[in-house]
Amino acid sequence: MQPLPLAFSQINGRSISQLLSKRPPISQIKQIHAQIITQSLASSRLFLIDSLILCYLHSKNLNSARILFDECRPSPPPPTLLWNLMIRAYSKLQYSSEPINLFRRMIAAQGKPDKYTFTFVITSCARQASVVCGQVIHGMAVKSGTLLNLYVDNSLISMYAAFARVDDAYGVFDEMSDQSVFSWTSLVSAYAKNGDMRRAVEVFAKMPARNDVSWTVLISGFVRCGRHTEALRYFHGMFCECKPNEAVLVCALSACANLGSLDQGKWIHSYVDSNCTLESSNIMTALIDMYAKCGSIDCAYRVFDKIPRRDVQNYTSMISGLSIHGLGEEAIRLFQQMLAEKLRPNDITIVGVLNGCSHSGLVQQGSSIFYSMENLWGIVPKIEHYGCYVDLLGRAGYLAKAFGIAKSMPINGDVIVWRALLSACRIHCNVGFAERIINYLEQLDCRSRSGINVLLSNLYASLGKWDKVSLVRKIMGKRNSSRDIGCSWIEVNGAVHEFRVADVLHPQIYEIQEKLSEILKRVVLVGYAADATHVSFDLSEEDREQAVALHSEKLAIAFGLMNTVPGTSIRIMKNLRTCEDCHTLLKAISKVYDREIIVRDRSRFHTFKEGKCSCKDYW
DNA sequence: GCTTGATCGA
């Protein structure tokens, strides 16, 4: 402990005040605090208490500051500065309602909030997700006349942006006499968070000046609403104006991961290697995720291995990556290594590791993690965990047990869990059980059933029950759930080509269909058994559309074979589960054309080589 | 003496 640089005889109000003004270390603050109490200096010199509170706040001892503030500062009311700093300290904590509580107390105690108070408390409202509070405080700011302050106005725009209240955000922006780059950026953010990218781009284009954060807001907006190609286009556009920062690199890597755009992802990796001096854990996490999702689990591992001090995020990304590659044992090994390093898993880590268990059939290990997650790490199972666990049981064939778990969930079930269960029915070709579940759901009146209908339709299709398929599709049409219908895409020479349902939009669609016919003829020659779900161009118009709609990856693979050379792998991405027929077809193609084909669907990777598929657990 | 905008993993 550092002793006080004062002799006992020198201790008085003035010397202590001087000491406190130098922001001493916490050990000295405590000694001074003790002296103030023992020498009864507090009652006559209230300013000493105020400086003491400031010192505690400065040394991040919020609790000590709060005790002093509550017990020694009831009257006369504390100065505005003290209220502000207390509010600010709490606003740094996540999910704390204290800033607003303190603000209420301040008003009750006749305190005079100023521009700083409003800035802190409005920012807290945004973080706390309390739009009503925000509106009330907005009103108070108008009344008090502080609204004409740039910082207060900006924090208001940002608050309305956080709630995607674009009209309110624009209202504040429009009333301002002078907008800064912060004001403009917050307005772009408001549109982006509201999913209105057209307006976001419009505002962005009008900005008198932009910086890296402005670009980040726009690009992250595109990533959030799944428009990854545009996100990457703007990311490249950013380079002529400013240097990309950590946040935008993370966003761009996420876009690459979602697109399966390995070439662009590698490019960003080399950019990071040569331009970023500081190791950023977030970027490492994003790189691992990108490589894993683009099919290069080895590269993901290499990035992970090079991180000197790994955190939970790094581990989580790596564990999730191994899981989607079907490397469940390895995921569990890494999870145990992480625990041995005294790192505490979060809810997403658990999702990753449970996923790994379910793809590798590790029922025992998965069950043990699921049932002990709350006790061991204080993680209350969320809907996602139930989804993983139901998936794990279902894939392993314990359909009834899985159904029981799904029904007994303490939280309201949703589409993720039921989808996992229906998916299991599909794996085990158990239509009867699936229909039982659907009947159960009909009674519950599930609102978000679009994903379920797609699965049910695919389930019927894989069994050739076309009358039922068209019935479900009709219901889907009525409920407007068509946006969940599958699409596949492929990266060729750095450009991503997308194939949607019954696609006729691709400029080369006729060549692609020709190629597909040729492929089908060749694989049939080596014994590939055709079934009813084939893309056969001899079918009627309607049937053909139906068949193509179910197998967009067939178009992607044909395009891939047209545009890549033998000896290279073909990587196809799909936003839904790959179907049984495609599995058989891709095995045949990998043999006939002697190519490695990697398909990533919503749940995992499937590698086809020499007529075999890496997924043993699939069908 | 104190202020404002952005990031990922299922």
Side-chain angles (χ1 to χ4, degrees), chain A residues 21 23 50-51 54 57-58 79-89 91 114-123 126 146 149-159 161-162 169 172 179-190 192-193 207 210-221 223-224 244-255 257-258 280-290 292-293 311-321 323-324 345-356 358 382-385 387-388 391 416 420 602-604:
Chain A
S21 68
R23 298 263 156 88
D50 290 356
S51 329
L54 293 187
L57 286 175
H58 184 74
T80 300
L81 173 69
L82 210 52
W83 284 109
N84 289 353
L85 291 181
M86 285 302 295
I87 292 173
R88 184 186 69 156
S91 74
D114 61 6
K115 54 184 181 173
Y116 296 105
T117 328
F118 281 113
T119 308
F120 295 141
V121 82
I122 290 166
T123 309
T146 34
N149 176 269
L150 182 64
Y151 290 97
V152 178
D153 290 351
N154 285 348
S155 59
L156 273 171
I157 300 174
S158 160
M159 178 195 75
V172 178
Q179 295 99 344
S180 72
V181 67
F182 282 79
S183 333
W184 282 94
T185 304
S186 299
L187 189 65
V188 174
S189 169
K193 281 191 180 136
M207 287 178 77
R210 293 186 284 241
N211 61 19
D212 55 333
V213 181
S214 327
W215 284 92
T216 309
V217 167
L218 191 75
I219 292 165
S220 73
V223 171
R224 205 176 306 122
N245 55 25
E246 178 191 306
V248 84
L249 288 166
V250 168
C251 285
L253 283 168
S254 165
N258 281 298
S280 150
S281 165
N282 283 338
I283 293 183
M284 293 302 130
T285 305
L287 276 173
I288 295 168
D289 182 54
M290 182 278 293
K293 287 202 179 136
D311 59 21
V312 182
Q313 275 83 355
N314 303 146
Y315 267 105
T316 301
S317 196
M318 193 65 225
I319 289 171
S320 308
S323 294
I324 54 171
N346 59 31
D347 53 338
I348 302 155
T349 323
I350 305 292
V351 170
V353 77
L354 284 178
N355 232 343
S358 102
K382 286 190 191 169
I383 196 82
E384 293 87 340
H385 302 104
C388 289
D391 187 53
I416 301 172
R602 191 141 68 186
S603 89
R604 63 174 300 182

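Just so it is clear, the values below take in all heavy atoms, side chains as well, and ignore hydrogens, waters and symmetry mates. Residue numbering restarts at 1 for every chain, and letters A, B, ... go by the order of the sequence lines.
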Looking for any heavy atom pair under 4.0 Å, which part of the strands does [X] touch: base, sugar-phosphate only, or nothing?
X: D212(A); answer: nothing
X: L54(A); answer: base
X: V217(A); answer: sugar-phosphate
X: N84(A); answer: base
X: S158(A); answer: sugar-phosphate

By nearest atom, which of the nucleotides [options] is closest to the [X] side chain?
X: V181(A); options: dA6(B), dA10(B), dG5(B); result: dG5(B)
X: S220(A); options: dT7(B), dG1(B), dG5(B); result: dT7(B)
X: N245(A); options: dA6(B), dC2(B), dG1(B); result: dA6(B)
X: Y151(A); options: dG9(B), dC8(B), dT3(B); result: dT3(B)
X: C251(A); options: dA10(B), dT7(B), dA6(B); result: dT7(B)
X: S155(A); options: dT4(B), dG9(B), dC2(B); result: dT4(B)
X: T185(A); options: dC2(B), dT4(B), dG5(B); result: dG5(B)
X: V250(A); options: dT4(B), dC8(B), dC2(B); result: dC8(B)
X: L85(A); options: dT3(B), dC2(B), dG9(B); result: dC2(B)
X: F182(A); options: dG9(B), dA6(B), dT4(B); result: dT4(B)

For [N] and [X] - does any side-chain N or O of the residue sit under 4.0 Å from the phosphate oxygens OP1/OP2?
X: K382(A); N: dA10(B); result: no
X: T117(A); N: dC2(B); result: no
X: K293(A); N: dC8(B); result: no
X: R224(A); N: dT7(B); result: yes

Notebook entry, point to check: Any idea which heavy atoms bring V312(A) and P345(A) closest together, and the distance?
Noted result: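 Residues V312(A) and P345(A), closest heavy atoms: CG1-CA, 4.3 Å.
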
Next item on the list: Check the side chains of D114(A) and T80(A) for a donor-acceptor pair under 3.5 angstrom, ignoring hydrogens and angles.
Entry: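 Side chains of T80(A) and D114(A): no pair found under 3.5 Å.
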
Checklist line | For S158(A), side chain to side chain donor-acceptor pair (under 3.5 Å) partners two or more places apart | finding: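 For S158(A) there are no side chain to side chain donor-acceptor pair (under 3.5 Å) partners, ignoring immediate neighbours.
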
Checklist line | Spacing between L253(A) atom CG and dT7(B) atom P, to the nearest angstrom | finding: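 Going from CG in L253(A) over to P in dT7(B) covers 15 Å.
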
Check: To the nearest angstrom, how far is L218(A) atom CG from dG5(B) atom C1'?
Finding: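 The answer, rounded to whole Å, is 13 Å.
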
Note to self: Can you tell me whether the side chain of T119(A) and the base of dT3(B) have a donor-acceptor pair closer than 3.5 Å?
What the structure shows: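 Side chain to base: pair present.
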
Check: In chain order, what residues pass the side-chain contact (heavy atoms from CB on, under 4.5 Å) check against A89(A), with sequence neighbours excluded?
Finding: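 side-chain contact (heavy atoms from CB on, under 4.5 Å) check on A89(A) returns L57(A), L62(A).
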
Next item on the list: Would you indicate whether the side-chain heavy atoms of T123(A) and M159(A) approach each other to under 4.5 Å?
Entry: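 Answer no - side chains too far apart.
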
